[in-house]
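Note that this is a predicted model, so its numbers are computed, not measured.
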Amino acid sequence: MSEIPVIFDTALHRRRRERFARLDPSTRKDASFLFRETANRLADRLLDVDRRFPRALDLGCRTGETATAVTISNPDKIGAWVHADISAAMVDLACTAASANGVTSSGVVMDVGQFAFQEQSFDLVVSNLVLHWVNDPLGALVQANRALKPDGLFQAALLGGETLTELRSCLMDAELEISGGASPRVSPMIALRDAGHLMQRAGFALPVIDIETIDVTYDNAFRLM
């Protein structure tokens with residue numbers, strides 16, 4: 001088996017999430033608009049599934065945007081949440097949000113790419129904008145599949161291959177002009193076709209992969225970053 005390339009610094013990623021969790025609530029809310037948008041879209045899709053999920057995993061929970069969106073759209077959809085994140089502070093915030101919404105929950109601090117759960121532990125696994133930061137996305141998907149019960153549902157949103165194309169192009173052009181060469185300055189993203197192949201290799205039955213474009217305008221590059 002070939003060695004998995006280490007693209008992302010897990011320790012650095014943890015520190016950044018811990019730092020974000022310590023910001024004041026209004027700043028966190030302003031910076032989390034995209035996570036809330038994708039959380040609402042995931043919640044809308046769950047409404048189309050005519051069943052209740054006694055135990056659900058919020059994989060890469062952040063501050064609980066996804067669980068909150070699901071609870072608001074359908075309070076009886078989930079029996080209990082397990083919030084998992086690489087940041088302990090994020091897990092605490094997600095559990096606090098769930099408690100405020102009257103939802104039973106617990107938290108686990110873990111690398112989302114390395115599961116700490118037994119097989120067939122969950123009826124639902126939801127992941128909102130975190131899997132694109134995993135060094136081994138196939139391994140994470142395999143573990144997610146194993147953690148699901150035989151009739152369980154996996155639902156995820158991640159940044160796709162066309163994300164930040166303008167920023168990627170501008171940085172490359174600027175570096176070429178200044179230094180005569182270019183290095184990757186934007187994280188690699190998973191293309192739609194590759195995502196489908198990964199789902200199939202991970203053993204998911206009846207995978208459905210699609211893409212949605214969300215256009216966002218920032219005042220400047222520093223605001224974006």
Do you reckon Val49 sits in the same ILVMFWY cluster as Val208, going by side-chain contacts under 4.5 Å, direct or chained?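 Result: no, two separate clusters.
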Would a single hydrophobic cluster contain both Leu148 and Val112, if residues Ile, Leu, Val, Met, Phe, Trp and Tyr are joined by side-chain heavy-atom contacts under 4.5 Å?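 Per the 4.5 Å side-chain linkage, Val112 and Leu148 are co-clustered.
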For the residue pair [X] and [Y], establish whether any side-chain heavy-atom pair is separated by less than 4.5 Å.
X: Ser127; Y: Val130; result: yes
X: Gln143; Y: Glu119; result: no
X: Val91; Y: Cys61; result: yes
X: Gln155; Y: Val125; result: no
X: Ile190; Y: His132; result: no

[atom1]-[atom2] distance between [X] and [Y], expressed to the nearest 0.5 angstrom:
X: Asp48; Y: Arg45; atom1: CG; atom2: CZ; value: 9.0 Å
X: Gln200; Y: Leu138; atom1: CD; atom2: CG; value: 12.0 Å
X: Glu65; Y: Asn40; atom1: CD; atom2: CG; value: 10.0 Å
X: Asn135; Y: Ile7; atom1: CG; atom2: CD1; value: 6.0 Å
X: Ser106; Y: Leu57; atom1: OG; atom2: CG; value: 9.5 Å
X: Glu166; Y: Leu224; atom1: CD; atom2: CG; value: 9.5 Å

Plane angle bin for Phe117 and Phe115 - parallel if under 30°, tilted between 30 and 60°, otherwise perpendicular: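 Rings of Phe115 and Phe117: perpendicular, as their planes differ by over 60°.
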Whether Trp133 and His13 hold their rings parallel, tilted or perpendicular, with breakpoints at 30° and 60°: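 Trp133 vs His13 ring planes: tilted.
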Under 4.0 Å between a Lys/Arg side-chain N and an Asp/Glu carboxylate O for [X] and [Y]?
X: Arg17; Y: Asp85; value: yes
X: Asp123; Y: Arg55; value: no
X: Glu18; Y: Arg14; value: no

Can you find a side-chain donor-acceptor pair between [X] and [Y] that sits under 3.5 Å?
X: Thr38; Y: Asn128; result: yes
X: Arg62; Y: Ser32; result: yes
X: Thr27; Y: Asp24; result: yes

Would you find more than 12 non-hydrogen atoms of other residues, nucleotides or ligands less than 6.0 Å from Asp50 atom CG?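 Atom CG in Asp50 is not crowded, with 12 or fewer foreign heavy atoms closer than 6.0 Å.
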For Gln120, I'd like to know if atom CD has over 12 heavy atoms of other residues, nucleotides or ligands within 6.0 Å.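 Yes, the 6.0 Å shell around CD holds more than 12 heavy atoms from other groups.
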Sequence neighbours excluded, which residues qualify as ring-ring contact (aromatic ring centres under 6.0 Å, His included) partners of Phe20?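 None.
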Residue of the set Leu124, Val126, Leu141 for which side-chain contact (heavy atoms from CB on, under 4.5 Å) holds with Phe154: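 Going through the options one by one, the only one that passes is Leu141.
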